[in-house]
Structure formats: C-alpha cells, structure tokens
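Everything on this sheet refers to the single structure shown next.
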Amino acid sequence: MTRNPSDAPRPNLTPADHMTWQKETQSGKARAGWLHTRHGSVPTPTFMPVGTVGTVKGITMDSVRSTGAGIVLGNTYHLMLRPTAERVQRLGGLHRMMDWPGPILTDSGGFQVMSLGPLRKLTEDGVTFRSHIDGSKHHLTPESSTDIQFKLDATITMAFDECPALPATKEVLEASMERSMRWAARSRDAFTARPGYGQFGIVQGGTEQELRERSAKALRDIGFEGYAIGGLAVGEGQELMFSTLDYTTPMLPDDQPRYLMGVGTPDDLLGAIMRGCDMFDCVMPSRAGRTARAYTERGTMNLRNARFAEDTRPLSPDDDSPMAGRYSRAYLHHLFRANEMLGPMLLTLHNLAYYQRLMRQIRAAIMDDTLEELAVTLRHNWSLGDWSEDEFPKPRY
C-alpha cells in the first residue's frame, strides 16, 4: 500500500530495533566492524557497487554476489523518472525487482539534480528540474526524496542535500551547507523508522573546516543511524580530499558508520579507510570495465593496447574472482577490439571482484593491526606496473 512517510506514525523503537553498526576493532583511525540491517549484515569497510537504475551495468546480480559484495547502491533520481518509484513499489520493491535480497542504499537524487545545471531551479523548498530523458518537469524536495526512497524499500535512505562543485567560494559553500542542514532536518522528519532500516545525514561544507564542523554538529543534533561525507571527489584532488577527511571524520560519532560518497580509486579507498571511513561507492570499477581498463594488484592496464594481442596470461596471478584463470588477456583484447559486449561484462566482473578483494585485505589487516604495513605494500605494488614474464610466465600450450 502506498503511503507518505511524513503522515505515518513513528514506532517507538528501541536501539536494538534500529539499523546498527558494531565496531570490532581499530588500527590507527581505521575501523573494522559490522553493519546490521533488516536485509542482512555486512562487514566493514565495504565497497558498494553502483546499481543506478536497478542494475549494476552489464552484469547479473548473481555475478555481483559472486564477487563478495554485501550491499549495493541505487539512485533515487533515475528510478523516480524510470520506471517510477510507484511502479517499483507495486513490483514488490527494489530488492525483489532487481534480485538483490541484501541491503540497498539509495542516494537522495540531490547530486544528480545539481549536476543538471540550466535544467534545474533551486529554491528553499527543493529543486525543480527537467528530466534528461524526455524534458518533463519534476519537483524534488526533502520530503518527496524520502518518500521515493521509502517506496523503493531502501534499507538505507540518504537525506536530501545540495552538493556544490569545487572550487567554490566560502560564501557559496556556506549558503549551500546551511540549506542542506535545513533539508536534513526535513528529511529526518519525513523518514519512517522501521526495524533494521536507517537514514544517513550528509556532512557538507566543501574543504572549509569551520563549515564542516558546523555541518557535522547540526547532523549530530538531528540524529541519524549513520553519517556520510559528501561534497568530495568533485574536482578538489586527492591531497585536499585527504586533508579534509583528516579533520572531518573525528567530528562524527565513533559508534556509527561513516560513508564517504562517490570515492574512488583503490588508493583513494585505502587512504579514506586509514582516516576512519567505513563505506564507499563509485562507478569507477564498472565504468573502467566498460572502457577496457582493468584494476589489478599492479595498477591498471588498458586491454585495448596492442601488447596484449598475444598475451596468454590471465589478468593477474593473484586473481580469485569468478573468472580467475579462465580468460586470457589476448581474448579480452580481442573482445574489445571486436566491440563484443562480453568484454565489458567480463572486465566489469573482474574489477568489482578486485575491489571486494581489496576490502577483504584491508579488513584483515585492521583486525591484525598491520594496516600500515599493508598500505606500504599495496602502494609499492601499484607503482610497479604489469608483471614481467619472469614474475608471471605465460602458460605453455
């Protein structure tokens, strides 16, 4: 039955009923823990594959599961336009529709709407925009965004926010952050509390420490099941992103999950985890898979390069993905040169498996208190480039 969460009575839930995060141990600022939800428990740190329109582009959810992923991301903006939140709800919710019984986090749609530029108009109430699909006019507010995510049956709902592009003046960042905090309060009021579900507030403020402090305090005062760090990975560069995280993550509660939105490369993930972040999403591994780029323990490689045309080795000697050892670099090179859809499918699967393997490595190192040593090894190996044939011989046929 369709209902508006803002009209629904709030159940009197005990802390045990809410979605919770439990810290197991800590190594430096890095944390290993468990996110417990209505749709299952997920070890953290965790990387969430991006399933924008109800699918991780190019591969089945069975394939996503085979990589070890425990939680995926969906997109409010895209799903509200097509097939619509109401239709998803009638079809049993996003979990059933996309064959993913595990947790789903949905972003609020704010980032996508803000990126529309001249196609949108921003007011205190919300954002009026024209669909990039057919030009139809829509109005998105904190209340309607929260309601859409309710209809999608999102395990984790994100508060509606504004994400300004960097660089920007402090005045622009301050006005945007203050509006986002007012929207966060409205998003929280519209959220329907249910056992095992949660809502995250989003810290904004660009790279201004004083604005980040005010934003974090406003969100803590409102109270959420988790806290996201938004407004980064939007053009500021890794060094500035890391320095912003250095002072932002300590502002957030130690007993709740911290989600760095839209990040990033393997080195970005490692650095952010070492600064206290627990959850991540990014289109990089799947987008790279569609453009012939493979992530490995020795950095990235472009499978369109002619040097792979007769390279019979698999992508990596350390690969434990579902496609480990089954497809040669030469075959993948051929698929991309021939514009066969199987190439992007296989490389997307490989990249997502690599990201999950990296998360497992980092989590194990946090548990063993050896993360600093692992970080040195990982970064050294990424800098080496591809394995030589002495290190990783070609199979003999």
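- In the hydrophobic clustering of this structure, Leu91 groups with Ile104; members are Ile, Leu, Val, Met, Phe, Trp, Tyr whose side-chain heavy atoms approach within less than 4.5 Å, directly or through other members.
- The two residues Gly126 and His139 make their nearest non-hydrogen contact at C-CE1, 4.1 Å.
- With no hydrogens or angles considered, no side-chain donor-acceptor pair links Gln199 and Ser187 at under 3.5 Å.
- For the residue pair His138 and Tyr77, no side-chain donor N or O sits within less than 3.5 Å of a side-chain acceptor on the partner.
- Between the side chains of Gln149 and Thr106, at least one donor N or O sits under 3.5 Å from an acceptor N or O.
- For the residue pair Asp125 / Thr141, no side-chain donor-acceptor distance below 3.5 Å is found, with atom types taken as modelled.
- Across Met98 and Thr55, no two heavy atoms sit closer than the pair CE-N, 4.2 Å.
- For Phe224 and Phe200, the gap between ring centers reaches or exceeds 6.0 Å.
- Within the 3.5 Å criterion, the main-chain N or O of Ser136 finds no donor-acceptor partner in the side chain of Arg130.
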message: Before you tell me yes or no, could you show the steps for His78 and Gln112 under side chain to side chain donor-acceptor pair (under 3.5 Å), namely the whole-Å CA-CA distance, both residues' side-chain angles and the distance that decides it to 0.1 Å?
response: CA-CA 9 Å; His78 288 281; Gln112 286 73 28; 5.3 Å; no

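- Between the side chains of Asp319 and Tyr354, no donor N or O sits under 3.5 Å from an acceptor N or O.
- Other residues, nucleotides and ligands contribute over 12 non-hydrogen atoms within 6.0 Å of the CZ atom of Arg65.
- When each of Arg31, Arg258, Arg363 is checked for a salt bridge (Lys or Arg N to Asp or Glu O under 4.0 Å) with Asp278, only Arg31 meets the rule.
- Defined by atom type and a distance below 3.5 Å, a donor-acceptor pair is missing between the side-chain atoms of Ser321 and His350.
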Thr44 vs Trp34, side chain to side chain donor-acceptor pair (under 3.5 Å): CA-CA, chis, key distance, verdict: CA-CA 6 Å; Thr44 63; Trp34 284 91; over 6 Å; no

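- Lys29 and Gln26 form no side-chain donor-acceptor contact under 3.5 Å, judged by distance and modelled atom types alone.
- In this structure a side-chain-to-backbone donor-acceptor pair under 3.5 Å is present from Glu236 to Val234.
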- request: Give the C-alpha distance, both sets of side-chain angles, the deciding distance and a yes or no for side chain to side chain donor-acceptor pair (under 3.5 Å) between Ser63 and Ser66.
  value: CA-CA 5 Å; Ser63 294; Ser66 73; 5.1 Å; no

